[in-house]
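Report on one structure; see the data block that follows.
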Amino acid sequence: NPTHLPRRLEGALMATFGSGFITTAQIQDNAVTPAKISSGIILQQLTHVATTDLSTTSGTYVAMTASEVAITTTGADVLIEVIVSGTGGATWRPAFALFKDAAEVLASDHFVNAGSGQAAFVYLDSPTAAAHTYALYWKSSAGGSSVTSNASSGEFERVITVTEVK
């Protein structure tokens, strides 16, 4: 409160902030941190598009090569959006999962029907403030039978988008 300041200091404050507004030039670099920003905004967003063909016969979840995003979060919520496609056979299909830091967080054997198709899923995470890696894993619903993800055509790319929101 300016009434409690000595007159000399009060005048200095008024001279510095005489208009009542602070311009961008008056804000020190790195002074505005995520902790000071109000809610409802995107803090950061990273997207990875994989365009390599893959195949597996594994009956347990294995990492899909080049299908991950590493992000250093501030502790705010993280929204993960995935689009992936795969091909199996007449009675088996690829099953997909989302892993965070090598631990499964979301999986289903029913993202893609027998034969082939695309899957899309969304997951909201509440991670600690740290570096995290979100990755796609997959398996064959009939271990030993081959499933593929043909992304090189550009038609069925694997896309993972990680968005930190406050």
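Bear in mind the structure is a predicted one, so any value in this text is a computation, not a measurement.
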Any donor-acceptor N or O pair under 3.5 Å, side chains S55, T148:
no

Euclidean distance, F96 CZ relative to S85 OG, rounded to 0.5 Å
6.5 Å

Go through the steps to decide whether V165 and I41 satisfy the test side-chain contact (heavy atoms from CB on, under 4.5 Å), and finish with yes or no.
CA-CA 6 Å; V165 294; I41 62 165; over 6 Å; no

State, with a plain yes or no, whether a side-chain heavy atom of L98 is found less than 4.5 Å away from one of F121.
yes

Who are the side chain to side chain donor-acceptor pair (under 3.5 Å) partners of T163, not counting sequence neighbours?
Q45

Between CD1 on residue I160 and OH on residue Y123, distance to nearest 0.5 Å
12.5 Å

After noting the C-alpha distance and the side-chain angles of L124 and V78, does the key distance pass the side-chain contact (heavy atoms from CB on, under 4.5 Å) rule?
CA-CA 6 Å; L124 182 63; V78 173; over 6 Å; no

Whether the side chain of W92 engages the backbone of S146 through a donor-acceptor N/O pair (distance < 3.5 Å, no angle test) should be reported.
yes

Side chain to side chain donor-acceptor pair (under 3.5 Å) filter on E104, not counting sequence neighbours, yields none

Contacts of type side chain to side chain donor-acceptor pair (under 3.5 Å), residue T56, not counting sequence neighbours:
none

Ignoring hydrogens and angles, write down the donor-acceptor pairs under 3.5 Å from the side chains of residues 127-136, residues two or more places apart or on other chains.
from: H132; atom 1: ND1; to: D101; atom 2: OD2; distance (Å): 2.7
from: H132; atom 1: NE2; to: T128; atom 2: O; distance (Å): 2.9
from: Y134; atom 1: OH; to: D125; atom 2: OD2; distance (Å): 2.6

Can you find a pair of side-chain heavy atoms, one from Q118 and one from I83, that are under 4.5 Å apart?
yes

Of all heavy-atom pairs between A95 and Y61, which one has the smallest distance, and what is that distance?
O-CE2, 3.5 Å

From L54 CG over to S149 OG, what is the distance, rounded to the nearest 0.5 angstrom?
5.5 Å

Within the side chain of H48, is there an N or O that forms a donor-acceptor pair under 3.5 Å with the backbone of T161?
no

Could you go through I71 and Q44, starting from their C-alpha distance and side-chain angles, then the distance that decides it, and tell me whether this counts as side-chain contact (heavy atoms from CB on, under 4.5 Å)?
CA-CA 9 Å; I71 185 171; Q44 57 181 320; 3.6 Å; yes

Pairs in or reaching into residues 62-72: which pass side-chain hydrogen bond (donor to acceptor under 3.5 Å, both in side chains), with residues at least two apart or in two chains?
S67-R158

I'd like to check V122 versus E81 (side-chain heavy atoms, cut-off strictly below 4.5 Å). Are they in contact?
yes

Atom pair NZ/CG of K100 and L106 - distance to nearest 0.5 Å:
12.5 Å

Nearest non-hydrogen partners of V147 and G88, listed with the distance:
CG1-CA, 4.0 Å

Sequence-distant partners of S145, side chain to side chain donor-acceptor pair (under 3.5 Å), two or more places apart
none

